[in-house]
There are 2 protein chains.
Amino acid sequence: MVPARSDEGMWLLNDPPKKHLADTYQFDLTPEWLDRAMKANVRFNSGGSGGFVSPDGLVVTNHHIAADALQKKSTKDRDLYRDGFYAKQREDESKCPDLELNVLQSIEDVTAKVNGAVMADLKPADAAAKRRAIMGEIEKESTAKTGLRSDIVTLYQGGAYHLYRYKKYTDVRLVFAPEAGIAGFGGDVDNFEYPRHGLDVAFFRVYENEKPIASKDYFRWSATGPAENDLVFVTGHPGTTNRLETLAKLKHRRDSTLPYTLNRLRSMEAALTQFGDRGPERRRRAGGDLHRVANARKAFSGQLQGLLDPAILKQKEVAEIALQPQPMASSLTPSPWLKIARAQAVYRDIEKPHALFETGHAFASELFTIARQLVRLGEELPKKSGDRLREYRDSNLESLKFQLLSPAPLYPDLERAKLQASLTFLAETLGGEHPLVVLALAGKNPAQRAEELVANCRLYEVAERKTLLDDGAKAIAASRDPMVSLAKAIESESLALRKRYENEVEEVERQAYGEIAKLRFAKLGNTVAPDATFTLRLAFGTVKGYEVDGEKLPFHTTFQSAFDRAEAMKNREPFDLPRRWIDGQDKIDPKTPFNFASTADTIGGNSGSPVLNRSGELVGINFDRNRHGLVRNFVYTEVQARHIAVHSKAVLEALRKLYGAEGLANELTAK
Amino acid sequence: MVPARSDEGMWLLNDPPKKHLADTYQFDLTPEWLDRAMKANVRFNSGGSGGFVSPDGLVVTNHHIAADALQKKSTKDRDLYRDGFYAKQREDESKCPDLELNVLQSIEDVTAKVNGAVMADLKPADAAAKRRAIMGEIEKESTAKTGLRSDIVTLYQGGAYHLYRYKKYTDVRLVFAPEAGIAGFGGDVDNFEYPRHGLDVAFFRVYENEKPIASKDYFRWSATGPAENDLVFVTGHPGTTNRLETLAKLKHRRDSTLPYTLNRLRSMEAALTQFGDRGPERRRRAGGDLHRVANARKAFSGQLQGLLDPAILKQKEVAEIALQPQPMASSLTPSPWLKIARAQAVYRDIEKPHALFETGHAFASELFTIARQLVRLGEELPKKSGDRLREYRDSNLESLKFQLLSPAPLYPDLERAKLQASLTFLAETLGGEHPLVVLALAGKNPAQRAEELVANCRLYEVAERKTLLDDGAKAIAASRDPMVSLAKAIESESLALRKRYENEVEEVERQAYGEIAKLRFAKLGNTVAPDATFTLRLAFGTVKGYEVDGEKLPFHTTFQSAFDRAEAMKNREPFDLPRRWIDGQDKIDPKTPFNFASTADTIGGNSGSPVLNRSGELVGINFDRNRHGLVRNFVYTEVQARHIAVHSKAVLEALRKLYGAEGLANELTAK
């Protein structure tokens, strides 16, 4: 709620800060610039961003966004995640089992349509049903008309609804990935830190009908990269921010959601670490989960420090009071702020059971996710799209089935370890005699229960899933698969929790935030961007370093400083540079800029976002924030907070001098 | 509550299972055997066991019990913990800054005296005060008469009180320690596992008046060690078991204490891991804490699985009902079981605040511990011993001051990291607006608060502590030291929680367990040993392997199997054998037995316990249990559960062939 005088803002592409950019940076944000930014941008449905960087469907993203695909393509004997990959020839480009990319084609404001269908005097439960129904209808109609994936996005926590239409690609092939050791150099230690030294990039190519697509909208690769104090833009898909949330909601996060989340993440991290430490192959299998969990633990820890900082809460309080019409107290109907506070009281009672059962935190298992989706598909598919649980609506079905029938490998030992940890966490959280715990454990302890569920499950086989999917509800009802049985056994309890959450928390919040949004628009106009929603946004900022504890940190690092850091850390994991880098040190220019920092406003989900200069050329690939940026979920700050990107020049230098990837480098720099 | 037909039991030395041993093992437990077992045993006040192994004050224990002393004697440039130590000459034996050893001299049953002073109709608060007073008096009188440290131990949770008298030694010098890499080979991965390969031993020598003491009671070192199926004894100081606790108490552990504890340990483990990963010196500093925390996390995880196992709870319930007089319902006064259940309801309300403030979990800092002790010493010393907080009673004062004025180094960076983690955990547990959180954080977030407390504290200096100790309450009142100020600021809240805990939980439980103990004695006689209390006990068992998942595990491992394990784990930490072992492989006999397993009943605190054969010779040094043994807090089982010990022959072979410690080996085997 800080007015956007600063570089704050993850802006909608259909409501960009044109005037601010002109006034502050003398930059003319043209429709052409914006149109390319939209159509050359790529959303990784696995949770990240990327961009087209050649007319032949070549896409750049982060190595850590590619990690899921790399792991799924790896085996005990060939570890693409650890060792990297390069397809010298097109025919070596290698298809990923379940990677889906979305490219935004258009945005349409449908707020009036959505709100028009929800009569003012409806009870929350009825209002929520109406809203789901109209959203389903609009999406279905759009898909029928355009053939595009059509998603309605809720903006301003319920203040606006926009329809996003995507072109969808499912034949995505791996072109290049460096070794994990240089992509994620410094590991968990350097994660969310700066100075930084990561070649956190990977390249894919998008195919249709067995041919690379013609991507006429793409970003030209800058051979020089950014200079200090340059204006740069980050276009990508920031996941979630909470800046427009009320004080009551933030306090709920501080006192309930975050402590629960951190406890959960730490318990999973301990389990995965123990699992991985038991041998190299286990370590490989658990690697992706472990990275995600450790990354989230660090991010949420930073958030909690932010919300425990009285100065930040004070700032929130001041902004909130400034927005409230005076005098609040005399009003007869409760204020939207009070409604949200009351919804938190309800939420406190159901948050943990809801998260454990309906979000599935108690069942951290791919097999369980598959089983639940099969059970729900059986129930939901016969219904009209608008009447279904939202993730089973028509516009999402293809993507969902694409994931469900993925041939990616599943590992029984890893499944068992995660399930035991999460079932134990369930019992820790609710207590051994809570009805949900008794239901889930079925007379066993978590270790025994995980063992029986995983050992006898048949959902490892895609064919088995396909049969259950095709045969629908009857086949599901008859199935004795232990994981399907578990999903069935907990379904009514889980859906009851979901219903309470949607009707008593989510819908109440949505309506109240809608009211607040109106007050905010009236007072501040469009100077405040909506919170992030994993949809395409435009951020901007200045390339610059910062000072910490009296030390000036430069705006970019270099290859040389990476070698220096490795030596200072005695080349001990995670600071052990790959052999290729150690042997090749003489081949590369040590002064090559490696990573750089800017003030632009980013958050998780922005990983892999193209960083662009005024001309719309790609000068970097965003991959992280520093720890000062962890409070950006709640407040934007630019004193020390920075996002961090791989420098475009570093990529060319490494591709050419270390990886023998002249062909790829040439494709990037072709005129 | 399983009758002792098995090898169950950590027996009192003044009430040993003489008949059972005679009947089952045809072993005659003589007074001489017992007397040596008592006087040759050593308690490490840092939390472990050990034994005299020569007439010249030589003591053996575990490396992991010596770890605290090894770390305190290490510097950035000389890491005794990691690299080991051997004093070839007496004059090289090196004094430990704050290591205190206790040797038990006698045990006296004072149950009648203690209970006689507590009138039956007193309110719990008054009863607790009376009990504290009489215990203080008895201890004081004993010390005055004998000059020995005199502690009253509460047995059977309040069913009996015995007076233990110890000879105390504070000049303890390091003689030998191997490298941490072989002492703790396999690290957290192999911890609580079997087969096992650890040279988890260290040797100290006890001095008085600058000369080694004459320890006429000592264990002769067996050059051959145990054979399969041998009867062996473990004599040492098991810390805590909960076998005689009621079902209500165990459920409280399952649903409240253990989840809280695991969350706390995992949060500290994550913080310490992050701290240690930031460089080798930080890693060295955090090493001891990290090992303790990871070890505890694994142990408590095993306990929780045990209490979540319906079969184990059922067994407890059956035993409990069998003990209850029939019919329970008709009685007018509440049964002791009901009293304990009701006390848990009180405990649920205060457990977390009590643990955070009074146990100090919110303030994980050596500096804080020092500050609190100074504040309390100022208050308590002017009172009579029996009226003081129990840990400030006369019998404990010398040991307490010895610790308080230890010159062991304190590291500001580690202090800050631990304090930030624990203050954050405080806020996570109670919520940002809880009065105790507001009080502790004083308007800062945990990171800022930890920084200000640690940066400006002067208690790093022993002289500063000494001044505040000597000048007492007035000096404390005037002190502006931030850590002392914190300790003062939270004192009244903390003591109020302690008072509620002692009066409404502890004393109620004590009285109720006293009643249950009477019923048990009446029904089962002395066939049930009391729960462990970190006092000397005698356990016995059979040396043997076991079967797991169809695989037969041998009763001992060998040096060869250690090398095999290292290779299988690619010599990757924590499976990287020390250079001395790799280079010296040809010098040692690969068939030398390394670690062995037996059914004897042990628990944490037994680390370093001498394992003896029928002749009372030392055949091993206990150092761990396997994971099947983790439920032994609640139930004894011998199907797969084993304790694990270093084989006496392995120690001799390594000392002679690898460490050039012929002198030490000869002292062990001298006739």
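Chain naming here is simple, since letters A, B, ... match the order of the sequence lines and numbering starts at 1 in each. Atom set for the values below is all heavy atoms of this structure, side chains included, hydrogens, waters and symmetry mates excluded.
Heavy-atom pairs under 4.5 Å with chain B were tallied for A/Gly443, A/Ala311, A/Gly187; the largest tally goes to A/Gly443. Per-residue counts of heavy-atom pairs under 4.5 Å with chain A were compared for B/Ala294, B/Ser301, B/Ala447, B/Pro446; the largest is that of B/Pro446. Ranking B/Pro574, B/Ala568, B/Pro310, B/Gly186 against chain A, the residue ahead of the rest is B/Pro310, based on heavy-atom pairs under 4.5 Å. Most heavy-atom pairs under 4.5 Å with chain B: of the set A/Leu307, A/Thr424, A/Val189, this distinction falls to A/Val189. Counting heavy-atom pairs closer than 4.5 Å to chain A, the top-ranked of the candidates B/Met569, B/Lys251, B/Gln305 is B/Gln305. Among B/Leu262, B/Ile312, B/Asn263, the residue making the largest number of heavy-atom pairs under 4.5 Å with chain A is B/Asn263. Put simply, of A/Gly306, A/Gly431, A/Ser256, the one with the most heavy-atom pairs under 4.5 Å next to chain B is A/Gly431.
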Worksheet entry | Candidate pair A/Asp309 and B/Gln448, rule side chain to side chain contact (heavy atoms under 4.5 Å, CB included), full reasoning | CA-CA 9 Å; A/Asp309 185 342; B/Gln448 297 154 354; 3.4 Å; yes

Discussion item. Test salt bridge (charged side-chain N to carboxylate O under 4.0 Å, His left out) on B/Glu269 and A/Arg266; report intermediate values, then the result.
Written reply: CA-CA 9 Å; B/Glu269 188 175 4; A/Arg266 290 186 301 239; over 6 Å; no

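For residues 273-283 of chain B, the interface with chain A (any heavy-atom pair closer than 4.5 Å) comprises B/Gln274, B/Asp277, B/Arg278, B/Gly279, B/Pro280, B/Arg283, sorted by residue number.
Contact of B/Ala270 with chain A is made through the side chain alone, with heavy-atom distances under 4.5 Å. Looking at B/Lys444, the atoms closer than 4.5 Å to chain A (heavy atoms on both sides) all sit in the backbone: N, CA, C or O. Proximity to chain A is absent for every atom of B/Arg449, based on heavy atoms less than 4.5 angstrom apart.
The neighbour count for B/Lys352 NZ, taken as heavy atoms of other residues, nucleotides or ligands under 6.0 Å away, does not exceed 12. Other residues, nucleotides and ligands contribute only 12 or fewer heavy atoms inside 6.0 Å of the CD atom of B/Glu567.
Looking at heavy atoms from C-beta onward, B/Glu573 lies in side-chain contact with A/Arg572 at the 4.5 angstrom threshold. Within the 4.5 Å cutoff, side-chain heavy atoms of B/Leu304 are placed close to those of A/Glu428.
In this structure, B/Asn445 contributes its side chain and A/Leu308 its backbone to no donor-acceptor pair below 3.5 Å.
The pair A/Arg254-B/Glu433 meets the salt-bridge criterion, since a charged nitrogen lies less than 4.0 angstrom from a carboxylate oxygen.
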